Amino acid sequence: TLHTLPCLQQVHRRKLKAKLTYLKRHFLSERWSEQKRVSLAYAMRLRKYPPKAVVFRQGDPVNWVFFIKKGSLATRSL
């Protein structure tokens with residue numbers, strides 16, 4: 001409904017701001033222009049995985065770039 005639109009916009013702005021803050025601090029993008037960080041922030045999707053979840057397997061097509069915000073990834077041979 002029209003009444004929820006401002007609330008959704010506010011949530012979207014807050015999430016975008018959090019992504020930009022993260023990117024400004026990340027060593028891979030700290031020297032990028034603001035426009036490049038904004039473009040990436042719009043494309044980023046937050047994903048939460050439970051402990052020991054399989055995020056990807058060797059040989060999977062490369063469709064994503066992972067930025068680890070919290071926690072770690074481990075590799076293991078199958």
Side-chain angles (χ1 to χ4, degrees):
T1 66
L2 290 176
H3 297 291
T4 60
L5 188 58
C7 184
L8 290 175
Q9 289 173 333
Q10 190 174 34
V11 168
H12 179 71
R13 275 194 298 270
R14 198 168 47 241
K15 287 181 178 181
L16 183 63
K17 185 177 179 182
K19 291 175 190 178
L20 285 169
T21 300
Y22 173 77
L23 287 172
K24 284 179 185 177
R25 295 178 181 157
H26 197 283
F27 76 96
L28 288 176
S29 60
E30 66 187 359
R31 294 185 180 178
W32 291 2
S33 70
E34 185 71 10
Q35 183 56 44
K36 284 184 181 180
R37 282 194 296 266
V38 168
S39 294
L40 180 57
Y42 272 107
M44 290 174 76
R45 300 292 179 263
L46 177 63
R47 301 282 187 259
K48 294 182 180 183
Y49 295 97
K52 301 191 182 203
V54 175
V55 178
F56 60 90
R57 299 181 191 285
Q58 184 176 355
D60 283 352
V62 179
N63 295 321
W64 303 100
V65 173
F66 292 90
F67 287 84
I68 310 301
K69 187 172 181 181
K70 183 178 178 184
S72 62
L73 285 177
T75 60
R76 60 182 167 174
S77 300
L78 297 177

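Because the structure is a prediction, the values reported are computed rather than measured. The chain is numbered in sequence order, starting from 1.
For the pair Lys24/Arg37, a side-chain contact is recorded, criterion being any heavy-atom separation below 4.5 Å from C-beta on. The shortest side-chain heavy-atom distance between Leu46 and Lys15 does not fall under the 4.5 Å cut-off.
Counting heavy atoms of neighbouring residues, nucleotides and ligands inside a 6.0 Å radius, atom CD of Gln58 does not exceed 12 of them. More than 12 heavy atoms of other residues, nucleotides or ligands sit less than 6.0 Å from atom OH of Tyr49. By the neighbour-count criterion of 12 heavy atoms within 6.0 Å, atom OH of Tyr42 is sparsely surrounded, having that number or fewer from other residues, nucleotides or ligands.
One finds the NE2 atom of His26 at 15.0 Å from the NZ atom of Lys19 (value rounded to the nearest 0.5 Å). Atom-to-atom distance recorded for Leu23:CG and Glu34:CD is 9.5 Å, nearest 0.5 angstrom. If you take NE2 on His12 and NZ on Lys17, they are separated by 14.0 Å, rounding to the nearest 0.5 Å.
When all heavy atoms are compared, the tightest approach of Ile68 to Tyr22 is O-OH, 3.4 Å.
No side-chain donor-acceptor contact under 3.5 Å links Ser29 to the backbone of Trp32.
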**Request:** Starting from the C-alpha separation in whole Å, work towards a yes-or-no answer on side chain to side chain contact (heavy atoms under 4.5 Å, CB included) for Phe66 and Phe56.
**Result:** CA-CA 10 Å; Phe66 292 90; Phe56 60 90; 3.8 Å; yes
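Cluster membership check: Met44 does not share its hydrophobic cluster with Trp64, using side-chain heavy-atom separations under 4.5 Å among Ile, Leu, Val, Met, Phe, Trp and Tyr.
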